[in-house]
Amino acid sequence: MHVGVLAFHGDFAEHMEILQSLGAACSEVRTLADLQTCTHLIIPGGESTVMAKFLWESGVGEKIQERVRDGSLAVYGTCAGAILVAEDVTGKNAPKSLQLIDIAVDRNAYGAQIDSFETSLQIKDSKNPISVSFIRAPKITRVGNGVEVLSSYQNDPVLVKSEKVLAGTFHPEMRNEKAIHQLFLKD
Ligand code: GLN
């Protein structure tokens with residue numbers, strides 16, 4: 001197992017810290033060569049429009065799609081990363097996404113930066129609730145067949161999974177919560 005963290009932009013350093021504290025072999029991913037050794041990839045929070053530009057310009061985007069299709073790569077997209085893995089994206093300036101999981105997301109659906117908030121979430125099959133931050137988060141507005149909802153907030157799904165793709169609209173890494181990373185690394 002080798003975990004890559006997409007490191008074009010966003011809060012990749014916090015994810016690297018969590019992975020290191022869990023003892024996982026991990027490295028930052030910016031090029032096709034960096035991606036080659038990875039069995040797992042985290043797409044962090046940040047600006048999905050900025051990350052989409054780098055993904056498509058570098059060829060890393062197409063390679064991620066190919067590796068997920070052939071079953072050799074698991075992906076966890078968080079916040080902007082959840083936008084990038086979604087099948088459909090709505091909202092202003094919606095970026096071209098990777099379409100790795102059959103969900104629709106609405107960008108910035110909770111409002112502006114000032115509407116960001118912290119809360120605790122119960123995750124399916126896990127004992128204790130975890131503390132997370134929603135920062136200009138997207139909302140998951142449609143969940144396709146075969147997509148499992150692992151956590152909800154006020155009746156909206158916020159953590160979903162389909163085969164090897166996990167998407168969460170919140171940041172667990174801001175509060176140093178490791179449960180979602182552990183769940184992701186089980187695959
Ligand atoms: N609103 C951002 C976007 O659409 C996501 C914010 C985040 O990742 N915290 O890209």
Side-chain angles (χ1 to χ4, degrees), residues 3-19 26 28-30 40-58 60-61 64-65 68 74-121 123 130-143 147 149-154 156-161 165-181 183-184:
V3 192
V5 182
L6 195 71
F8 291 130
H9 159 83
D11 70 339
F12 54 89
E14 287 80 355
H15 287 283
M16 287 293 294
E17 267 175 43
I18 290 190
L19 292 168
C26 57
E28 295 175 3
V29 171
R30 294 184 185 82
H40 291 68
L41 179 72
I42 294 178
I43 305 183
E47 269 306 314
S48 54
T49 49
V50 175
M51 277 191 267
K53 190 169 163 3
F54 284 118
L55 273 173
W56 297 120
E57 280 179 8
S58 62
V60 171
I64 293 171
Q65 289 179 311
V68 171
V75 177
Y76 167 31
T78 157
C79 203
I83 296 172
L84 289 168
V85 297
E87 180 72 27
D88 301 312
V89 184
T90 56
K92 212 171 141 208
N93 297 329
K96 181 181 174 217
S97 65
L98 296 164
Q99 302 186 301
L100 306 178
I101 180 168
D102 189 18
I103 57 172
V105 300
D106 190 16
R107 258 195 100 202
N108 297 333
Y110 290 95
Q113 186 76 19
I114 195 159
D115 303 308
S116 299
F117 58 95
E118 296 195 339
T119 188
S120 69
L121 290 179
I123 312 294
I130 60 166
S131 304
V132 302
S133 315
F134 284 80
I135 304 170
R136 287 181 306 118
K139 250 186 207 175
I140 298 173
T141 53
R142 180 183 65 77
V143 173
V147 177
V149 177
L150 301 179
S151 185
S152 296
Y153 173 72
Q154 295 183 342
D156 288 314
V158 292
L159 184 69
V160 295
K161 186 173 191 288
V165 180
L166 182 66
T169 56
F170 54 86
H171 292 259
E173 75 288 356
M174 299 278 171
R175 304 294 299 266
N176 203 27
E177 287 285 5
K178 300 176 184 161
I180 312 291
H181 294 74
L183 183 101
F184 177 53

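For ligands, and for the atoms within them, numbers begin at 1 and follow the listed sequence. Starting from 1, each residue takes its place in the sequence as its number.
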Heteroatom proximity flag, A80 to ligand 1, N/O under 3.5 Å: yes
Taking the non-hydrogen atoms of H171, is any one of them nearer than 4.0 angstrom to ligand 1? yes
So if I count the atoms of ligand 1 from 1 in the order they appear, which ones are less than 4.0 Å from some heavy atom of I135?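 By the 4.0 Å cutoff, the relevant atoms are 6 (C), 7 (C), 9 (N).
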As an exercise, identify every atom of ligand 1 less than 4.0 angstrom from a heavy atom of G45.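 Result: 8 (O).
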With a heavy-atom distance limit of 4.0 Å, tell me whether R136 approaches ligand 1 through its side chain, its backbone, both, or neither.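 Looking at R136 and ligand 1, atoms from backbone and side chain both fall under 4.0 Å.
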Give the contacting part of I83 toward ligand 1: side chain, backbone, both or neither, where contact means a heavy-atom distance below 4.0 Å.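 Within the 4.0 Å criterion, I83 contacts ligand 1 through side-chain atoms alone.
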Quick check on side-chain contact (heavy atoms from CB on, under 4.5 Å): which of P138, P157, S151 does T169 satisfy it with?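 When P138, P157, S151 are each tested with T169, the side-chain contact (heavy atoms from CB on, under 4.5 Å) holds only for P138.
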Y153-F170 aromatic ring centre distance below 6.0 Å: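 No, ring centres 6.0 Å or more apart.
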Counting the benzene-type ring for Trp, do H40 and F184 have ring centres under 6.0 Å apart? yes
Regarding R142 and D102, does a basic nitrogen lie under 4.0 Å from an acidic carboxylate oxygen? yes
Hey, what do you get for CZ (F8) to CD (E57), rounding to the nearest 0.5 Å?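 Atom-to-atom, F8:CZ and E57:CD are 9.5 Å apart.
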NZ/K139 to OG1/T141 distance, rounded to the nearest 0.5 angstrom?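 The NZ atom of K139 sits 10.0 Å away from the OG1 atom of T141.
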Identity and distance of the protein heavy atom lying nearest [atom]:
atom                    : result
atom 2 (C) of ligand 1  : G46 O, 3.5 Å
atom 4 (O) of ligand 1  : R107 NE, 2.6 Å
atom 10 (O) of ligand 1 : S48 N, 2.5 Å
atom 1 (N) of ligand 1  : N108 OD1, 2.5 Å
atom 7 (C) of ligand 1  : C79 SG, 2.9 Å

Enumerate, atom names and distances included, each donor-acceptor pair closer than 3.5 Å involving a side-chain atom of residues 93-100, sequence neighbours excluded.
residue: S97; atom: OG; partner: A86; partner atom: O; Å: 2.6
residue: Q99; atom: NE2; partner: E87; partner atom: O; Å: 3.0

Do R107 side-chain atoms and K92 backbone N/O form a donor-acceptor pair below 3.5 Å? yes
